[in-house]
Amino acid sequence: MKIATWNINGIKARNDVLLRWFDEAAPDVACLQEIKTVDEGFPSDVFEAKGYNVVVHGQKSFNGVAVLSKLPLEDVRRGLPGDDSDVQSRYLEVVVSTPDTSVARIACIYLPNGNPIATEKFPYKLSWMERLERHATELLELEEPLLLTGDYNVIPEHEDCTSPEAWADDALFQPESRSAFKRLKNLGFLDAVRACEPAHHTYTFWDYQAGAWQKNNGIRIDHLLLSSQAADKLITAGIDKHTRSWERPSDHVPVWVELDA
DNA sequence: ATGGTTGGTAGCCAA
């Protein structure tokens, strides 16, 4: 079973690219971030016609996440628990099931960017990460195959970018952001891309600006964290880097795992 | 090179 995550940076601008990638990659489950539309604006009918079940947690203009799955989706949870005043659509949790059994629980995550760090955006990011850690702790007690996947907006290590000094003042590389990510991972998750791909020059995002793609000035910020029960089923993980060179690309590329499930 | 580009929206804000 192939489970993918992709920040598509706007479904309206990415429709053709998204369909092209679906035909090529044929994911069993796709977690999408930054759809930038309300639920009704997502082309669910197009993907239902391709045999996918679709759940959307949208928002006008900003954020918005969706999960598309060939297998039925159950136990759908919209929004990250822990703050009823948080109106941003950044979290969507599902259980992928067959008629007989549940295969995996999957959380589709669009973690706050947090820039600029001198504004309220950075503490919002850190409190969101605390909420994620608390919720993940509860989910791990279920002792089931669990994937926390999406755009984390965190560069975990120095080798996950080309020049760490260039990111020194960025929320994606702050010590608080990185230690929060490490705490989450150390609850008992495997970083699947870290485990399966080279440690250096393995990126999932290249900025539109300043020729970042042409210079391979990227960062690794899209992650698949696997519980031990999911990691036991891990066959391989990969990055569909070539989509970044397509016409009108997202600034992120698809990242995926293949599970023996 | 503290620049540069893209998306959503209809101003600039977010990334």
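As the structure is a prediction and not an experimental result, all values here were calculated from the model. Note on naming: letters A, B, ... go to the chains in the order of the sequence lines (proteins, then strands), and numbering restarts at 1 for each one.
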Rounded to whole angstrom units, what separation is found between the [atom1] atom of [X] and the [atom2] atom of [N]?
| X | N | atom1 | atom2 | value |
| --- | --- | --- | --- | --- |
| Trp246(A) | dT6(B) | CH2 | C1' | 19 Å |
| Lys215(A) | dT5(B) | NZ | C1' | 13 Å |
| Trp167(A) | dG3(B) | CH2 | C1' | 14 Å |
| Ile35(A) | dT6(B) | CD1 | P | 22 Å |
| Gln59(A) | dT9(B) | CD | C1' | 14 Å |

Identify all side-chain donor-acceptor contacts of residues 146-154 of chain A below 3.5 Å with residues at least two apart in sequence or on another chain.
unit_1: Thr149(A); atom_1: OG1; unit_2: His223(A); atom_2: O; d: 3.2
unit_1: Asp151(A); atom_1: OD1; unit_2: Asn153(A); atom_2: N; d: 3.0
unit_1: Asp151(A); atom_1: OD2; unit_2: Asn7(A); atom_2: ND2; d: 2.9
unit_1: Tyr152(A); atom_1: OH; unit_2: Leu148(A); atom_2: O; d: 2.9
unit_1: Asn153(A); atom_1: ND2; unit_2: Leu111(A); atom_2: O; d: 2.8

Is any NZ, NE, NH1 or NH2 atom of the basic residue among Arg220(A) and Asp191(A) found under 4.0 Å from an Asp or Glu carboxylate oxygen of the other?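 Salt bridge between Arg220(A) and Asp191(A), a charged N being under 4.0 Å from a carboxylate O: yes.
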
If we take the [atom1] atom in both [N] and [M], what is their distance in whole Å?
| N | M | atom1 | value |
| --- | --- | --- | --- |
| dT9(B) | dA14(B) | C1' | 12 Å |
| dT2(B) | dA15(B) | P | 24 Å |
| dG7(B) | dG11(B) | C1' | 15 Å |

Under the side chain to side chain contact (heavy atoms under 4.5 Å, CB included) test, residues paired with Glu176(A) that sit two or more places apart: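 Side chain to side chain contact (heavy atoms under 4.5 Å, CB included) list for Glu176(A), sorted by chain: Phe122(A), Leu126(A), Gln174(A).
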
Taking only N and O in the side chain of Arg248(A), is any of them less than 4.0 Å away from OP1 or OP2 of dT6(B)?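 The answer is no; no side-chain N or O of Arg248(A) sits under 4.0 Å from OP1 or OP2.
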
Give every residue pair that meets the side chain to side chain donor-acceptor pair (under 3.5 Å) criterion with at least one member in residues 72-84 of chain A, sequence neighbours excluded.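 Counting only pairs at least two positions apart or across chains, the side chain to side chain donor-acceptor pair (under 3.5 Å) contacts touching residues 72-84 of chain A are Glu74(A)-Ser97(A), Asp83(A)-Ser85(A).
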
Identify all pairs in which a protein N or O lies below 3.5 Å from an N or O of nucleotides 13-15 of chain B, and state each distance.
unit_1: dA14(B); atom_1: OP1; unit_2: Lys121(A); atom_2: NZ; d: 3.4
unit_1: dA15(B); atom_1: OP1; unit_2: Arg90(A); atom_2: NH2; d: 3.4

Between Asp169(A) and Ser61(A), name the one whose nearest nucleotide on DNA chain B is closer to the 5' end.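 So the residue in question is Asp169(A).
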
Test of understanding: with side-chain hydrogen bond (donor to acceptor under 3.5 Å, both in side chains), list the residues that count as partners of Ser227(A), not counting sequence neighbours.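 Scan of Ser227(A) (side-chain hydrogen bond (donor to acceptor under 3.5 Å, both in side chains), adjacent residues dropped) gives Gln229(A).
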
Return the set of residues passing ring pair (Phe, Tyr, Trp, His ring centres under 6.0 Å) with Phe205(A) (not counting sequence neighbours), or none when no residue passes.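 So Phe205(A) forms a ring pair (Phe, Tyr, Trp, His ring centres under 6.0 Å) with His252(A).
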
